[in-house]
Amino acid sequence: MRPRAMGRSGLALVLAILISFQGTILVRSDGSDHRYKEGEPVPLYANKVGPFHNPSETYRYFDLPFCVTGKEKEKTEALGEVLNGDRLVSTPYELNFRTEKDAKLVCSRKLTKEQVAQFREAVKKDYYFQMYYDDLPIWGFIGTVDKEGKTDPSEYKYFLYKHIQFDILYNKDRVVEISARMDPHSVVDLTEDKDVVDVDFRYTAKWKETDTSFEKRMEKYSQSSSLPHHLEIHWFSIINSCVTVLLLTGFLATILMRVLKNDFMKYAQDEEAADDQEETGWKYIHGDVFRFPKHKSLFAASLGSGTQLFTLTIFIFMLALVGVFYPYNRGALFTALVVIYALTSGIAGYTATSFYIQLEGSNWVRNLLLTGCLFCGPLFLMFCFLNTVAIVYSATAALPFGTILVIVLIWTLVTSPLLVLGGIAGKNSKSEFQAPVRTTKYPREIPPLPWYRSTLPQMAMAGFLPFSAIYIELYYIFASVWGHRIYTIYSILFIVFIILLIVTAFITVALTYFQLAAEDHEWWWRSFLCGGSTGLFIYGYCLYYYYARSDMSGFMQTSFFFGYMACICYGFFLMLGSVGFRASLLFVRHIYRSIKCE
């Protein structure tokens, strides 16, 4: 009764924390109903600035010496927004509903030599800004570089925009669309290190009525990444890849079934023939095939963690398909990941402990601790390193102490109790391992095998086919996560995920069969490693994407890219490894149940 009460109280506390942390992912950030009267203030928040090609390296808007009135207020943000690196603050721009402004002065100020150098460095790195007006995103570059007719970078001229025009569309009493344009004729020359006096920062607001309904105002951002010609190429590439992989998988399955049929006929004939005939192939090792693997505590923990990550992925897809992760629903994905991971930790505890007990393990408490730390441990260490890097850079990716405390409380009061409850339930399930044949007392010696039947070559063969099913889609995902594209075609992604699971299961089963046919009975870990090897291929793709398809640079961006992708690929390794092992276990049970063994 005590752990269960602790789990309920912990869950209640974390929900209270999330609610106090500014609501759920579906509630608008400032609680408004988006309806305004003429002349009424509409909230405009500046979010962040940063190099365009380094999406993780973002800074607070007023880290650059823009106009400050002293009345700016930071907006309280939800957990997911903070994890996303959003730091919203009010701006001196007053964009009241349907109130036009023409070159209104924000401030007139002198830029010191240091401030000029700071702005010039930002312009040189293609800094962009992001704002939110009535929860609609706005982007723009803070300056421009004049390279025309110049080959030597030392001859380039750097200019800062000082006039921004907001074009706003409205429908009755609601804002439907907004865009920002910088005036190329109103700039400040930043090329030389000297003070610049009397810099007038101005803005213009133009209002225009539109027939577009308020409910469709986010479709603009969804459609920007799925224009007809892009969508045709996208679908063609996906279908081409999927058909190729399914044909290969079908061919492999046909061959495998035919070979198995011949094996069954052969073994049936052998049973009718003389009893002293020597057994060969996978039947020969029937007394060893269900011998429990080495390091069974680690194996069970890996299976539990992989099952939890698989469940997490399914829940995320469900939310995506019902439209929760619409464009610029700030922090929705991060909030969902944190909450669902915490609530599914019981699945990891139950799966790991119950399987560990089936493997006749005795120290289930240590197994439970290993399960809890297997994925969270490396992720925590990586977070500590990358958060330190972000603090050194003073970037918005550095999490505040309060956010870290919330995450620790979630892990302590929700994740851990549910993990323990799952472990206790798994221990008390008292289910036995279902083996269709008896295991002999002493293991048979594995015959010498050629090099290509060793673990690493088999992993390379196992990971290539599933990776070939998803590598086209990976570009779109990377361009969204590590770039500024918007990804909204979750239906395609879900289809690709299903095909990934099918191909992973088939290829792992095939390699397990060939391993058993070669009289190698140590298939447990091999099937897990072969199933998870796609994660290693994805990490290899990270190297290709970074150097060939992106313009990311700098220590911070490089650290964030390779650090967090290592954690994601590790998660894929555990998840697909669990899928590969489960499929192989079903297959091995089936074939040994189909023959008579002494």
*Please report the C-alpha distance between Leu493 and Ile477 in whole Å, then the side-chain angles of each, then the deciding distance to 0.1 Å, and finally whether the side-chain contact (heavy atoms from CB on, under 4.5 Å) criterion is met.*
CA-CA 9 Å; Leu493 188 59; Ile477 297 170; 3.4 Å; yes
Tell me whether the centres of the aromatic rings in [X] and [Y] are closer together than 6.0 Å.
{"X": "Phe478", "Y": "Tyr545", "result": "yes"}
{"X": "Tyr203", "Y": "His163", "result": "no"}
{"X": "Tyr471", "Y": "Tyr541", "result": "no"}
{"X": "Phe494", "Y": "Phe317", "result": "yes"}

*Less than 2.5 Å separating the SG atoms of Cys107 and Cys67?*
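Cys107 pairs with Cys67 as a disulfide (SG atoms under 2.5 Å apart), so yes.
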Hey, could you give me the [atom1]/[atom2] distance between [X] and [Y], rounded to the nearest 0.5 Å?
{"X": "Lys216", "Y": "Asp211", "atom1": "NZ", "atom2": "CG", "result": "11.0 Å"}
{"X": "Met131", "Y": "Phe166", "atom1": "CE", "atom2": "CZ", "result": "5.0 Å"}
{"X": "Phe380", "Y": "Phe385", "atom1": "CZ", "atom2": "CZ", "result": "14.5 Å"}
{"X": "Thr204", "Y": "Ile164", "atom1": "OG1", "atom2": "CD1", "result": "9.5 Å"}
{"X": "Phe467", "Y": "Thr534", "atom1": "CZ", "atom2": "OG1", "result": "9.0 Å"}
{"X": "Tyr539", "Y": "Tyr570", "atom1": "OH", "atom2": "OH", "result": "14.5 Å"}

For the side chain of [X] and the backbone of [Y], is there at least one donor-acceptor N/O pair under 3.5 Å apart?
{"X": "Thr403", "Y": "Leu399", "answer": "no"}
{"X": "Thr335", "Y": "Gly331", "answer": "yes"}
{"X": "Ser186", "Y": "Asp183", "answer": "no"}
{"X": "Gln115", "Y": "Lys113", "answer": "no"}

Listed once per pair and sorted, the salt bridge (Lys or Arg N to Asp or Glu O under 4.0 Å) pairs that draw on [range], sequence neighbours left out:
{"range": "residues 190-204", "value": "Lys110-Asp195, Arg120-Asp193, Glu192-Lys194, Asp200-Arg202"}
{"range": "residues 152-172", "value": "Asp167-Arg181"}
{"range": "residues 552-577", "value": "none"}
{"range": "residues 388-409", "value": "none"}

*Arg174 and Glu215: CA distance, side-chain angles, deciding distance, salt bridge (charged side-chain N to carboxylate O under 4.0 Å, His left out) verdict*: CA-CA 10 Å; Arg174 288 180 156 183; Glu215 288 72 21; 3.8 Å; yes
How about [atom1] on [X], more than 12 heavy atoms from neighbouring residues, nucleotides or ligands closer than 6.0 Å, or not?
{"X": "Lys150", "atom1": "NZ", "answer": "yes"}
{"X": "Phe562", "atom1": "CZ", "answer": "yes"}
{"X": "Phe315", "atom1": "CZ", "answer": "no"}

Side chains of [X] and [Y]: does their closest heavy-atom pair fall under 4.5 Å?
{"X": "Phe119", "Y": "Phe66", "answer": "yes"}
{"X": "Tyr36", "Y": "Pro41", "answer": "no"}
{"X": "Phe141", "Y": "Met182", "answer": "no"}
{"X": "Ile138", "Y": "Tyr132", "answer": "no"}
{"X": "Leu386", "Y": "Tyr564", "answer": "yes"}
{"X": "Ile470", "Y": "Ile499", "answer": "no"}
{"X": "Glu94", "Y": "Lys101", "answer": "yes"}

Parallel, tilted or perpendicular: rings of [Y] and [X] (30°, 60°):
{"X": "Trp207", "Y": "Phe97", "answer": "perpendicular"}
{"X": "Phe561", "Y": "Trp482", "answer": "perpendicular"}
{"X": "Phe129", "Y": "Tyr61", "answer": "perpendicular"}

N/O donor-acceptor pairs under 3.5 Å from side chains in residues 47-56, not counting sequence neighbours:
residue: Asn47; atom: OD1; partner: Arg87; partner atom: N; Å: 2.9
residue: Asn47; atom: ND2; partner: Asp86; partner atom: OD1; Å: 3.0
residue: Asn47; atom: ND2; partner: Gln130; partner atom: OE1; Å: 2.7
residue: Lys48; atom: NZ; partner: Asp86; partner atom: OD1; Å: 3.3
residue: Asn54; atom: OD1; partner: Ser553; partner atom: N; Å: 3.0
residue: Asn54; atom: ND2; partner: Glu57; partner atom: OE1; Å: 3.0
residue: Asn54; atom: ND2; partner: Ser553; partner atom: O; Å: 2.7

Quick check: closest heavy atoms across [X] and [Y], and the distance to 0.1 Å?
{"X": "Val116", "Y": "Leu190", "value": "CG1-O, 3.8 Å"}
{"X": "Ala397", "Y": "Ala390", "value": "C-CB, 3.9 Å"}
{"X": "Tyr158", "Y": "Asp189", "value": "O-OD1, 3.4 Å"}
{"X": "Ser213", "Y": "Asn171", "value": "CA-ND2, 3.8 Å"}

*Intermediate values then yes/no, side-chain contact (heavy atoms from CB on, under 4.5 Å), Met459 and Leu536*: CA-CA 9 Å; Met459 287 176 65; Leu536 302 179; 3.7 Å; yes
*Does the pair Lys75 and Glu81 meet the rule for a side-chain contact (heavy atoms from CB on, under 4.5 Å), with working shown?*
CA-CA 11 Å; Lys75 177 183 168 296; Glu81 292 176 306; 4.0 Å; yes
*Would you sort out whether Arg217 and Leu136 count as a side-chain contact (heavy atoms from CB on, under 4.5 Å), showing the intermediate values?*
CA-CA 9 Å; Arg217 70 175 190 163; Leu136 291 173; 3.4 Å; yes
*Does the side chain of Tyr546 pick up a donor-acceptor pair with the side chain of Thr558 at under 3.5 Å?*
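Yes, side-chain donor-acceptor contact under 3.5 Å.
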*Option passing side chain to side chain contact (heavy atoms under 4.5 Å, CB included) with Asp134 (candidates Leu95, Val176, Leu44, Val175)*: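 For Asp134, the side chain to side chain contact (heavy atoms under 4.5 Å, CB included) check succeeds only for Val175.
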*Which pairs pass side chain to side chain donor-acceptor pair (under 3.5 Å) with one or both residues in residues 385-401, sequence neighbours excluded?*
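Side chain to side chain donor-acceptor pair (under 3.5 Å) check on residues 385-401 returns Thr58-Thr396.
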